[in-house]
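What's counted below: heavy atoms across the whole structure, side chains too, no hydrogens, waters or symmetry copies.
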Amino acid sequence: MQKNYLNCMSLDLSEQEIFRRKSLEELQNLGINPYPADLFEVNVKTTDILTNFPNDNSLYQEVTIAGRIMSRRIMGAASFVELQDSVGKIQLYIKRDDICEGEDTTFYNTVFKKLMDIGDIIGVKGFVFITQMGEISIHVKELKLLSKSLKPLPIVKEKDGILYDAFSDPEQRYRQRYLDLIVNPQYKDTFIKRTILVNTMRNYLNEKGYLEVETPILQPLYGGAAARPFKTHHNSLGMTLYMRIANELYLKRLIVGGFDGVYEFSKDFRNEGMDRFHNPEFTQMELYVAYKDYDWMMDLVEEMVENIALNLHGTTKVQVGENEIDFKRPWKRFTMFEAIQHYTGIDISAMNEEQLVEVAKKVGVEVDPSMGKGKLIDEIFGETCEPKLIQPTFITDYPVEMSPLAKKHRSKEGLVERFEAVCNGKEICNSFSELNDPIDQRQRFESQLELGKRGDEESMVLDEDFLRALEFGMPPTAGLGIGIDRLAMIMTNSNSIQDVLFFPQMRPEKKVVANDDEFIALGIPIEWINLIKKAGITNAAALKDANPNKLFNDLNGLRKKNKLDIPALNLEDLKKWMS
RNA sequence: GAUUAUGUAGCUCAGCUGGUAGAGCACAUCCCUUUUAAGGAUGGGGUCCUGGGUUCGAAUCCCAGCAUGAUCACCA
């Protein structure tokens, strides 16, 4: 059945879109299905041809390849088309008499030249050769339309590595990532690298015999990190659920249950600000290994991340912005107090809360009463040290107050066995010797509750079931959380987290105010509703207030301007709608 | 959340001190008929983000809003 692609919705379409819909209809009239169902078997990729053909010109004499038309140069009876597939681009040479049967030139002159466009997806058969200009090309013998494109692509041109008219508006790139990937295929590499990164990590952990597991994203109590959660509601249980901010407490329950090593790549959700380092949902890999401690875990992190760098770049050195970062083992190790002393000259290791407030003010940290001793130390560190740590560095031995899930240091009073790896001025992972003393854990939760009462919105809540699990006994365990997005940013030299997420969170696009129902209720035919909206009237009340004579002129004017095949409006009908 | 910049054709961008809206690419028609960011000629295409205000007159000036970026705050 013939579909009407050119209905009154075309009022919202640009001229180019209308042309393409007309082409679509004409294709159908010529018996060509613009969206065929049958498979199109491809036997080669563009890059294979470009790599291998120069070495052996006898190759690729019968290729079948498919992709998207990215540009066209039509020279009468011969044309050149740039075809883009998943891995690259190649030029097609299309000659009228090769793709047409006998004297009938319709397929070339009409179908190819007039009815196909940049953006259409086609499949071709032919042989590879080199043009007079020296470009490896496919001489096309058969051409088939596989999918008609109805929207014009942004045209990005490139010569000698310089992009002309690059499609670069971040808003459009992130909102319409598909479009970004089509016209800026260089960004595909970032996402491919991200996947290699994850695969490398997964393989590494699997080879060590750790078990990849899944734990709940919807949690009745959120825990395992200091952050504000997203809140949701379960209807049939009639209860509040939170989206997880971390999966730590669940994975440790599994260690209690007797697994030696468990890990999870987990999407976590934190209801906090957004900027180039933070997206509301992000990915962490958390790993827990029984009978290990944080020293052991540092070695693992070094080895794993060095592996990733080697796998992605073939070297441990990675260029990130202006810095060359070297992930070669061993990394520098500082205790937190050493780092602060190193960068400020101040030894805060023995200070009380009042003294710490003084130091915090001195180095430019804003202090508020909800801050405990641990928070103060962390803020001082964040202000004075973190941005200066460019090469991968382990910071160890954190104050107990800010690490309620970490085991007390085996020899240093007031500290816990915890480390973070900092790289390019940002934390990339966090790890401790996990606290497995249930009595101590209960006290830590209770002091978190105290912080909550002081106004710290990120303080942790007490999880009775987790405590019950610890009371059954958890082996000494080393735990790790590593930020996949942050690591991907570093490994792909991306300046923003949005560049390593296919679909970063965005505010909703402004939607067109449409009150079709109101108009329909007034008995107005759909084709006129679109014109009324076009005339700037968006609801029934506005229609009532409009001047009937002016609107009458406007509407029939729009009908004429858009060459609509509907009967002219008469004033009586319009007045009926408006009454 | 604060400060600031930006928002004009499908895309990339001009548009001065307020006076009928511009270019390149893309698109259409014709000519050419092995080109390469690009052949030539002609032409069509705009809610100048939205809503107010000032003004005889606003893309332009003012206010508010929306979206996006940057910086800061928040984010162990």
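Considering only the side chain of A/R175, B/rA67 comes nearest among B/rA67, B/rU12, B/rC30. Considering only the side chain of A/P154, B/rC11 comes nearest among B/rC74, B/rC11, B/rU35. Taking the side chain of A/I155 as heavy atoms from C-beta on, and the options B/rC25, B/rA37, B/rU35, the nearest nucleotide is B/rC25. With B/rC30, B/rC11, B/rC74 as the candidates, the nucleotide lying closest to the side chain of A/K114 is B/rC30. Picking from B/rA26, B/rC27, B/rA67 the nucleotide with the shortest atom distance to the side chain of A/K157 gives B/rA26.
For A/D275 against B/rC74, a side-chain-to-base donor-acceptor contact under 3.5 Å is present. At a cut-off of 3.5 angstrom, the base of B/rU34 holds no donor-acceptor pair with the side chain of A/T131. The base of B/rU36 does not come close enough to the side chain of A/E82 for any donor and acceptor atom to sit less than 3.5 Å apart. The base of B/rU34 has none of its N or O atoms less than 3.5 Å from a complementary donor or acceptor on the side chain of A/Q132.
In this structure, A/Y174 atom OH and B/rU68 atom C1' are separated by 10 Å, rounded to whole Å. What separates CG of A/L150 from C1' of B/rC27 is a distance of 15 Å, to the nearest Å. Rounded to whole angstrom, the span from the NZ atom of A/K159 across to the P atom of B/rA38 amounts to 9 Å. Between A/D165 atom CG and B/rC13 atom P the separation is 8 Å, expressed in whole Å. Computed from coordinates, the A/M70 CE to B/rU36 P distance equals 20 Å when rounded to whole Å. The CD-C1' distance, from A/E15 to B/rG45, rounds to 5 Å in whole Å. As a whole-Å value, the separation of A/L153 CG from B/rC27 P is 11 Å. Taking atom CD1 on A/I118 and atom P on B/rA37, their separation rounds to 15 Å, with Å as the unit.
Straight-line distance between the C1' atoms of B/rA21 and B/rA9: roughly 10 Å, to the nearest whole Å. As rounded to the nearest Å, B/rG53 and B/rU60 have P atoms that lie 14 Å from one another. Here the separation of B/rG44 from B/rC25, taken at their C1' atoms, is 16 Å to the nearest Å. Taking atom C1' on both B/rA64 and B/rC72, the two are 24 Å apart, rounded to the nearest angstrom. For B/rG46 and B/rA23, the P atoms lie 14 Å apart once the distance is rounded to whole Å. Comparing B/rA59 with B/rG51, their P atoms sit 12 Å apart, to the nearest whole Å. A gap of 16 Å separates the P atoms of B/rU50 and B/rC66, to the nearest Å.
Under the 6.0 Å cut-off for aromatic ring centres, A/F419 and A/F394 qualify, their centroids lying closer than that.
Taking only side-chain nitrogens and oxygens, A/R73 comes nearer than 4.0 Å to OP1 or OP2 of B/rA38. Residue A/R507 places at least one side-chain N or O under 4.0 Å from the OP1 or OP2 atom of B/rU68. Phosphate proximity of B/rC11 to A/K151: absent, as no side-chain N or O sits under 4.0 Å from OP1 or OP2.
Figure legend. B/rA41 is base-paired to B/rU29; pairs are counted as Watson-Crick or G-U wobble with both atom distances under 3.5 Å. Pairing partner, B/rG24: B/rC11, with both Watson-Crick or wobble hydrogen-bond distances short of 3.5 Å. With a cut-off of 3.5 Å on both pairing distances, the Watson-Crick or G-U wobble partner of B/rA70 is B/rU3.
The residue A/Y93 sits close to a base: some heavy atom pair falls under 4.0 Å. Among the atoms of the strands shown, only primed sugar atoms or phosphate atoms (P, OP1, OP2) are found under 4.0 Å from some heavy atom of A/R228. Residue-level contact check: A/A78 touches neither bases nor backbone, having no heavy atom under 4.0 Å from any strand. Within the 4.0 angstrom heavy-atom criterion, base atoms lie near A/R418. A/Y164 comes within 4.0 angstrom of a nucleotide base, judged by non-hydrogen atoms across all strands. The residue A/Q16 sits close to a base: some heavy atom pair falls under 4.0 Å. Within 4.0 Å of A/R276, counting heavy atoms only, lie sugar-phosphate atoms of the nucleic acid but no base atom.
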Stepwise salt bridge (charged side-chain N to carboxylate O under 4.0 Å, His left out) test for A/E17 and A/K151: CA-CA 6 Å; A/E17 290 174 286; A/K151 280 191 176 291; 2.6 Å; yes
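For A/Y288 and A/E286, the side-chain atoms include at least one donor-acceptor pair closer than 3.5 Å. With 3.5 Å as the limit, one finds no donor-acceptor pair spanning the side chains of A/D293 and A/S433.
Judged by closest nucleotide on RNA chain B, A/F167 is the one of A/F167 and A/R20 placed further toward the 5' end. Mapping A/Q172 and A/G134 onto RNA chain B by nearest heavy atom places A/Q172 at the nucleotide closer to the 5' end.
By the salt bridge (charged side-chain N to carboxylate O under 4.0 Å, His left out) test, A/E142 pairs with no residue at all, sequence neighbours left out.
Within a 6.0 Å sphere centred on NZ of A/K362, heavy atoms belonging to other residues, nucleotides or ligands number 12 at most.
Between the side chain of A/S137 and the backbone N or O of A/E135, at least one donor-acceptor pair lies under 3.5 Å.
Between A/P504 and A/R177 the shortest heavy-atom distance is CD-NH2, 4.0 Å.
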